[in-house]
Engineer: 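Pasting a structure below so you can have a look.
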Amino acid sequence: MFRTKKELKEKILARLSPEFPVSPAELELTPTPDQKLGDLALSLAFPLARKLKTSPRVIATRAAELLSGIEGLERVEVAGAGYINLYLDRQKFFREKYSSLRKTGLEAEETKIIVEHTNINPNKAAHVGHLRNACLGDTLVRCLRYKGEKVEVQNYIDDTGVQVVDVVFGLMELEKKTLADLERVEGRFDYYCWDLYTRVSRYLAENQAAQTRKAAILKKIEHGESPEADFAFQVSRRILRAHLATMKRLDISYDVLPCESSILRLKFWEKAFARLRDSGAIHYSTSGETAGCWVMPLEDEPEREKIIVRSDGTVTYVGKDIAYQLWKFGLLGQDFYYEPFLKDNGRTVWISTASPTAHQVHFGAGSKVYNVIDVRQSYLQKVVVQGLKALGYQQQAEKSIHFSYEMVALSPRSLAEIKVDLAAEDKDKAFLEVSGRKGVGIKADDLLDRLEEKALEEVNRRNPDLTLATRQQIARQIAAAAVRYFMLKYARTSLLVFDFDEALNFEGETGPYLQYTAVRLRSIFRKFEERFDRSFQEFIAGLSPDQVNLSALDGDEARDFWDLVVYACGLDEEVLRAIATLEFSGLAKYTFNLCQKFNSYYHHYPVLAEKDQERQNLRLLTIHFIHEILCQALHLMGIQVPEKM
RNA sequence: GCGCCCGUAGCUCAGUUGGAUAGAGCGACUGACUACGAAUCAGUAGGCCGCAGGUUCGAGCCCUGCCGGGCGCACCA
């Protein structure tokens, strides 16, 4: 019996290759359009027909003969113009899959993978655009870990950048606040800064003279001078805590928070610069527009050169990013120092510092790096990769993956709800891209609050007997599931136009629908225990699939059972596809379809009311099987299953 | 100007790296709660897959051109 599709492929290849010129790459096992046509199909007769100048039908017939008798296959048939359809041995297949529940047939390929995501400027509240980033990033992390990879999650904190500078400018120059005043700001600090940041952006646009002061603040923050740097530190740390709290609502966490301030103080850039200069990756420009700058020629546009160091000697964003990417691969020959920032479920989240600490922890030095950043940064990400190549790190360049995704925009209806003043040029657009600077955006916590509120109403109505704390807990889980599924259901390359009505929906293709399916399943387990007065887990543990005879099922049930089981067994493949394509909408859709199939199944086939013992056992085994797989799929998407809902 | 992305049912979107009859959800219309939970299920209607060529046994998917929309191409980050 083969354990995985890969094993089956190998067996097929072994049978066919003596007679037919087939390569492993050409051999594709696809699902059939209908169960009547078998479980898996090979279409290799068509390309072979061209090569061998024979009819596909003749090739398929001979191939089917060669394939007969493979263990685990019941029969092989030729259909249509030349499809080879494989029928699995259902009893053996189910037995094999059931006994290997919770064991994936997948294996790690890297020594350590770094996934960087979230990366919100610590100067304002998180919004829906950031949620898309964090949900995609966290799901990637979960999929990689499911596959068996060792993953380190990094959340880069630009605590000395211009966005923080803007807020510091606002606090010092517009609000005239002291550091002590800052402590006394009431309410949500990230919300306060959200409004302030918008005001500052507008003010700076209208008062060019203020740029001088802003530039001075930037310099002081970069050099760690008081009190500006203290303001920046206060603001960024407080907002960072707010961001982490927001992400925790979605069950998203991090291993380490590398800070821009540490990179500056530890002079990561100076090291990277020396390397880039000495290797000739960048050179000093003496003529033209870039005179006085250190520049890097671009691979595909040799006539253009990207400025890495400005003529005033300061380094650009890309330059710093190259240094940071080198650190991620352990190529800088230097690490940060670290200290604990907070505890999350007993696990420490570390933050970088520039001064030595007593903690012996190390991060970075991955063999593969995923940077989750929206599509607008594609060009700059390409330049960063080119920097690695120019330094001779070909392999690392190939393993620097820009996980890009489209932006989040707001529908006109959503815009109307948040009551933001729109610029004249933005008024007539079909949608508007979220922008922290313009204050155009749905704050993540506002969205979650509204979802929780709505979920709580529903829970109150359905489960009034539960304690308030329990009902609130359930509402939180439902709200998180709604957001997470919403962020995954759309392809990453398509622009997500946020609409409240869709995001607040709990019916149909939504996170709560998935949870509901799992909750009802567990409800059957619970009812089983009440009705038969025995532990479901013990009962299941004592039930072996070997004892169960699938022929106890009649035609319709056999068909529906099989359809469900085969589909459920596609999870591993779905996860691999998600990782390979960095696309999770398929995983989301797969899980949703699994739920639909399952809801339909148990609607048709009552479990506890079934009188025939053998059939009941088989149904119990089936729903237990599906439940296990469903829970794994939900876990991959970061969706929790409430007790009741 | 150059580069990247999107265009599929009234709306929002899937479509498994070229496979058999293009699928979901929402909305609309019919039915099903004295039932292992109706946040559910069963069903009906709804399609020049932006347009035009090409590649081949086969194209929503690949190539070319065009149309429409978005985003990049800073001594900003």
Side-chain angles (χ1 to χ4, degrees), chain A residues 28 30-34 37 41 43 45-47 49-50 55-56 79-83 85 121 158 161-163 165 260 289-295 298 300-301 304 306-312 314 316-318 320-321 374-380 382 404 406-407 409 411 429-431 433 455 458-459 462-463 478 489-491 493-497 499 501-502 505-510 512-513 515-517 519-521 523-528 530-531 570 573-574 577 580-581 583 585-586 588-590 592-593 595-596 599-600 602-610 619 623 644-645:
Chain A
E28 223 180 322
T30 55
T32 56
D34 191 291
L37 294 168
S43 54
F46 299 106
R50 185 160 60 239
S55 88
Y83 291 98
N85 293 333
N121 271 300
D158 188 1
V162 290
Q163 293 212 22
V165 170
E260 170 84 2
E289 286 181 345
T290 58
C293 301
W294 286 87
V295 298
L298 295 179
D300 18 348
E301 310 164 83
R304 275 188 52 230
K306 181 70 193 167
I307 293 168
I308 304 296
V309 179
R310 304 184 189 100
S311 52
D312 66 0
T314 56
T316 59
Y317 167 71
V318 201
K320 281 187 279 191
D321 229 24
D374 77 60
V375 67
R376 290 171 297 183
Q377 302 247 20
S378 297
Y379 171 71
L380 293 170
K382 243 172 92 177
S404 91
E406 261 293 349
M407 325 171 286
S411 69
K429 294 190 175 171
F431 54 83
E433 157 195 355
E458 301 279 337
V459 176
R462 289 156 216 258
N463 297 286
I478 293 173
K489 73 189 279 193
Y490 303 104
T493 49
S494 70
L495 182 83
L496 200 167
V497 181
D499 187 83
D501 288 348
E502 283 170 32
N505 187 21
F506 293 165
E507 291 169 13
E509 196 191 339
T510 66
Y513 171 90
Q515 290 178 309
Y516 184 71
T517 307
V519 166
R520 282 187 61 181
L521 247 167
S523 169
I524 298 175
F525 302 159
R526 197 169 47 237
K527 282 274 161 45
F528 171 91
E530 287 168 11
R531 205 170 291 186
E573 211 178 333
E574 213 58 58
R577 201 196 327 279
T581 58
E583 182 55 77
S585 61
K589 187 69 99 179
Y590 163 82
F592 171 69
N593 287 338
C595 285
Q596 273 198 323
N599 281 327
S600 173
Y602 76 65
H603 189 263
H604 282 102
Y605 307 106
V607 178
L608 302 182
E610 175 58 43
R619 287 181 190 168
I623 65 169
K644 294 188 171 183
M645 65 188 282

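A quick note: this is a predicted structure, and the numbers were derived from the prediction, not measured. Each chain gets a letter, A, B and so on, in the order its sequence line appears, and its residues count up from 1.
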Engineer: Please classify the glycosidic conformation of C57(B) as syn (within 90° of 0) or anti (everything else).
Structural biologist: anti
Engineer: Does a side-chain N or O from Tyr83(A) land closer than 4.0 Å to OP1 or OP2 of G58(B), or not?
Structural biologist: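 No, outside the criterion.
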Engineer: Using a heavy-atom cut-off of under 4.0 Å over every strand shown, decide if Ser523(A) touches base, sugar-phosphate, or nothing.
Structural biologist: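 Answer is base: heavy atoms of Ser523(A) come under 4.0 Å of a base.
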Engineer: Would you mind telling me which of A20(B), G37(B), A24(B) lies closest to the side-chain atoms of Tyr516(A)?
Structural biologist: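 My answer, after comparing the listed nucleotides, is G37(B).
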Engineer: Between C57(B), C73(B), C75(B), spot the one nearest the side chain of Ser311(A), thanks.
Structural biologist: C75(B)
Engineer: Are Arg520(A) and A35(B) close enough that a side-chain N or O sits under 4.0 Å from OP1 or OP2?
Structural biologist: no
Engineer: Consider the side chain of Tyr513(A), meaning its heavy atoms from C-beta on, and name the nucleotide among U40(B), A24(B), A20(B) that approaches it most closely.
Structural biologist: U40(B)
Engineer: Counting only Watson-Crick pairs (N1-N3 plus N6-O4 or O6-N4) and G-U wobbles (N1-O2, O6-N3), all under 3.5 Å, who is the partner of A9(B)?
Structural biologist: none
Engineer: Taking only the side-chain heavy atoms of Ile478(A) (C-beta and beyond), determine which of A39(B), C26(B), A20(B) contains the nearest atom.
Structural biologist: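 Of the options given, the side chain of Ile478(A) lies nearest A39(B).
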Engineer: Between Thr30(A) and Glu28(A), is any side-chain donor less than 3.5 angstrom from a side-chain acceptor?
Structural biologist: no
Engineer: Does Val375(A) reach a base, just sugar-phosphate, or nothing at all? Heavy atoms under 4.0 Å.
Structural biologist: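 Here Val375(A) touches no strand at all.
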Engineer: C41(B), OP1 or OP2 - any side-chain N/O from Asn599(A) closer than 4.0 Å?
Structural biologist: yes
Engineer: Please state whether the phosphate of A42(B), meaning OP1 or OP2, lies under 4.0 angstrom from any side-chain nitrogen or oxygen of Ser600(A).
Structural biologist: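 Result: yes.
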Engineer: Do NZ/NE/NH1/NH2 and the carboxylate oxygens of Arg376(A) and Glu433(A) come within less than 4.0 Å?
Structural biologist: yes
Engineer: Contact class for Pro56(A) vs. all strands (heavy atom < 4.0 Å): base, sugar-phosphate, or nothing?
Structural biologist: nothing
Engineer: Starting at the 5' end of RNA chain B and moving along, which residue's nearest nucleotide shows up first, Asn121(A) or Lys527(A)?
Structural biologist: Lys527(A)
Engineer: Tell me what Arg531(A) touches on the nucleic acid: a base, only sugar-phosphate, or nothing, going by heavy atoms under 4.0 Å.
Structural biologist: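 Counting heavy atoms under 4.0 Å across all strands, the contact made by Arg531(A) is with sugar-phosphate only.
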Engineer: If you only use heavy atoms from C-beta on, which nucleotide in A77(B), A42(B), C75(B) is closest to the side chain of Ile307(A)?
Structural biologist: C75(B)
Engineer: Choose from G19(B), C26(B), G72(B) the nucleotide whose nearest atom is closest to any side-chain atom of Tyr379(A).
Structural biologist: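 Nearest to the side-chain atoms of Tyr379(A), counting from C-beta on, is G72(B).
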Engineer: With the side chain of Tyr490(A) defined as its heavy atoms from C-beta on, choose the nearest nucleotide among U12(B), G25(B), C75(B).
Structural biologist: U12(B)
Engineer: Please confirm whether the ring centroid of Phe506(A) lies under 6.0 Å from the ring centroid of Tyr516(A).
Structural biologist: no
Engineer: Using a heavy-atom cut-off of under 4.0 Å over every strand shown, decide if Glu28(A) touches base, sugar-phosphate, or nothing.
Structural biologist: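 Touches sugar-phosphate only.
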Engineer: Among A24(B), G70(B), G37(B), which nucleotide sits nearest the side chain of Phe431(A)?
Structural biologist: G70(B)
Engineer: I want to verify a distance call: between A24(B), A38(B), C5(B), whose nearest atom is closest to the Glu406(A) side chain?
Structural biologist: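 Closest nucleotide to the Glu406(A) side chain: C5(B).
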Engineer: Is Leu495(A) touching bases, backbone alone, or none of the nucleic acid, heavy atoms closer than 4.0 Å?
Structural biologist: sugar-phosphate
Engineer: Between His603(A) and Cys293(A), which has a closest nucleotide on RNA chain B that is more 5'?
Structural biologist: His603(A)
Engineer: Kindly say if Arg462(A) contacts the phosphate of A39(B), meaning a side-chain N or O under 4.0 Å from OP1 or OP2.
Structural biologist: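 For A39(B), OP1/OP2 do have a side-chain N/O of Arg462(A) under 4.0 Å.
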Engineer: Quick one: is C71(B) close enough that its OP1 or OP2 comes under 4.0 Å of any side-chain N or O from Arg376(A)?
Structural biologist: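 For Arg376(A), the contact criterion (side-chain N or O under 4.0 Å from OP1 or OP2 of C71(B)) is not met.
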Engineer: Would you say Tyr317(A) places a side-chain N or O within less than 4.0 Å of OP1 or OP2 belonging to A77(B)?
Structural biologist: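 No.
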Engineer: C1' atom, G3(B) versus A28(B): distance in rounded Å?
Structural biologist: 44 Å
Engineer: Of the nucleotides G37(B), A20(B), A24(B), which has the atom closest to the Lys589(A) side chain?
Structural biologist: A24(B)
Engineer: According to a strict under-4.0 Å criterion, is Ser404(A) in side-chain N/O contact with OP1 or OP2 of C71(B)?
Structural biologist: no
Engineer: Taking any heavy-atom pair under 4.0 Å as a contact, classify Gln596(A): base, sugar-phosphate, or nothing.
Structural biologist: sugar-phosphate
Engineer: Quick one: Leu380(A) CG to G72(B) P, roughly how many Å, whole number?
Structural biologist: 11 Å
Engineer: Quantified in whole Å, what is the P atom distance between nucleotide C6(B) and nucleotide G15(B)?
Structural biologist: 11 Å
Engineer: With no hydrogens and no angle check, is any side-chain donor or acceptor of Arg462(A) less than 3.5 Å from a backbone partner on Met645(A)?
Structural biologist: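 Here the side-chain-to-backbone pair does not exist.
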Engineer: Select base, sugar-phosphate, or nothing to describe what Ser494(A) touches, counting heavy atoms under 4.0 Å on all strands.
Structural biologist: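 Answer is sugar-phosphate: Ser494(A) comes under 4.0 Å of backbone atoms only.
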Engineer: Touch check for Phe46(A), heavy atoms < 4.0 angstrom, all strands: base, sugar-phosphate only, or nothing?
Structural biologist: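 If one applies the 4.0 Å heavy-atom cut-off, Phe46(A) turns out to touch a base.
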Engineer: Base, sugar-phosphate alone, or nothing: which one does Asp321(A) contact when heavy atoms must sit under 4.0 Å apart?
Structural biologist: nothing
Engineer: Assign Ala455(A) to base, sugar-phosphate, or nothing according to its heavy-atom contacts below 4.0 angstrom with the strands shown.
Structural biologist: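 No contact at all - Ala455(A) keeps every heavy atom at 4.0 Å or more from the nucleic acid.
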Engineer: For Asn593(A), which contact category applies under a 4.0 Å heavy-atom criterion: base, sugar-phosphate, or nothing?
Structural biologist: nothing
Engineer: Across the strands shown, which category fits Lys644(A) at heavy-atom distances under 4.0 angstrom: base, sugar-phosphate, nothing?
Structural biologist: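 It contacts base atoms.
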Engineer: Is the phosphate of G70(B) approached by Lys429(A) (side-chain N or O, under 4.0 Å from OP1 or OP2)?
Structural biologist: no
Engineer: Are Thr510(A) and Asn505(A) linked by a side-chain donor-acceptor pair shorter than 3.5 Å?
Structural biologist: no
Engineer: Rounding to the closest angstrom, what is the interatomic distance between A52(B) and A45(B) at atom C1'?
Structural biologist: 32 Å
Engineer: Pick base, sugar-phosphate or nothing for Ala491(A), based on heavy-atom distances below 4.0 Å to the nucleic acid.
Structural biologist: sugar-phosphate
